[in-house]
Amino acid sequence: MKVKGKYNYDYLALCLQSIVVKRFRKYAKKIARSQSEALAAMIDFFEWHGYTPNQRFGKDIIAGQELNRKRINASIAISKSIEKAQNIPLINIETMLKSLFEEEYKIYEPKKLEPKKHDSDSMETTRAKTAMLRIKYDRTNQKLEETQSRMRYLLDKIEPVKNRFGKDYLKIDVTREEVARFKQGLKNS
């Protein structure tokens, strides 16, 4: 079934017991916006985790956790072997993990740098650069103020119109010449 102008996908019907449908509708309201999304989420859950609805979760979840522990332990072993195989370890993962969980950390003192000596030429170039940046900043602010004033003018010209038979809409009371000026101003800025 296709609803014209509302959805792009087809609907199909299933024959289910009324008790099951009522239970599903209550459950779908809790977990999703629509019943289709709820059913899709449930199917995805079973597919992703490799379960069937007939299985009991107790033993299967414990087995899944055991598998995950084995994978985590294997990844830790791989990272340790990489650290040992490198000539110069860049990051010692074991000490990093210890510092995260045991709150052991080293306090690093910042390096003291000597102030740079400036030449008179470099001072003049930096002054010239700052002057140019200041001019660009002022021009940008001026353009922003002009754009904001245009937008305020345009927003003042908007009037709400109530429609008896359809949705209400907004009417902009602006001439074609003003619209052309707005477009030209946006192209120039």
Side-chain angles (χ1 to χ4, degrees), residues 2-10 28-41 43-45 47-48 71-72 75-76 78-79 82-83 86-189:
K2 281 192 178 182
V3 179
K4 288 186 179 177
K6 195 164 186 181
Y7 302 106
N8 293 337
Y9 45 87
D10 295 328
K29 283 182 183 179
K30 293 178 189 176
I31 65 166
R33 293 185 301 190
S34 70
Q35 294 173 10
S36 296
E37 288 178 6
L39 189 58
I43 292 170
D44 290 341
F45 173 80
E47 285 179 351
W48 287 336
R71 289 179 183 167
I72 291 170
S75 63
I76 290 172
I78 290 169
S79 63
I82 289 172
E83 285 179 0
Q86 287 180 343
N87 293 337
I88 304 170
L90 299 175
I91 299 173
N92 190 347
I93 295 175
E94 187 174 352
T95 56
M96 187 171 73
L97 289 173
K98 282 183 183 178
S99 68
L100 284 173
F101 293 114
E102 296 175 7
E103 296 181 9
E104 295 178 9
Y105 55 91
K106 297 177 183 177
I107 299 174
Y108 294 100
E109 295 181 15
K111 295 179 181 177
K112 295 180 181 179
L113 301 174
E114 296 179 12
K116 293 183 177 179
K117 296 180 182 178
H118 297 287
D119 297 336
S120 60
D121 293 334
S122 64
M123 291 296 283
E124 290 175 11
T125 57
T126 55
R127 285 185 188 146
K129 286 180 183 177
T130 54
M132 289 298 293
L133 290 174
R134 184 66 189 181
I135 291 169
K136 285 182 181 180
Y137 174 77
D138 291 338
R139 287 182 184 167
T140 307
N141 274 345
Q142 184 179 5
K143 286 181 182 178
L144 176 64
E145 289 172 4
E146 289 173 5
T147 307
Q148 286 176 340
S149 66
R150 287 181 194 152
M151 288 305 296
R152 278 190 217 107
Y153 175 77
L154 189 62
L155 289 174
D156 290 339
K157 295 291 185 173
I158 296 175
E159 300 172 358
V161 176
K162 297 199 178 210
N163 193 357
R164 288 187 178 185
F165 296 108
K167 291 184 178 180
D168 296 343
Y169 61 93
L170 300 174
K171 177 184 173 184
I172 302 175
D173 190 22
V174 181
T175 63
R176 292 180 188 261
E177 291 81 23
E178 288 175 320
V179 171
R181 273 189 267 136
F182 282 128
K183 286 182 180 179
Q184 190 62 35
L186 287 175
K187 285 180 183 178
N188 293 339
S189 61

Enter the distance from [X]:[atom1] to [Y]:[atom2] here, rounded to the nearest 0.5 Å.
X: Lys157; Y: Lys171; atom1: NZ; atom2: NZ; value: 11.5 Å
X: Asp138; Y: Leu133; atom1: CG; atom2: CG; value: 11.0 Å
X: Tyr169; Y: Glu159; atom1: OH; atom2: CD; value: 10.5 Å
X: Asn141; Y: Gln148; atom1: CG; atom2: CD; value: 9.0 Å
X: Glu177; Y: Arg181; atom1: CD; atom2: CZ; value: 7.5 Å
X: Thr147; Y: Gln142; atom1: OG1; atom2: CD; value: 10.5 Å

Measure across Leu170 and Pro160 and return the closest heavy-atom pair with its distance rounded to 0.1 Å.
CD2-CA, 3.8 Å

Salt-bridge criterion met for Asp156 and Arg152 (N-O under 4.0 Å):
no

Please confirm whether the backbone N or O of Asn163 pairs with a side-chain atom of Asp168, one donor and one acceptor, at under 3.5 Å?
yes

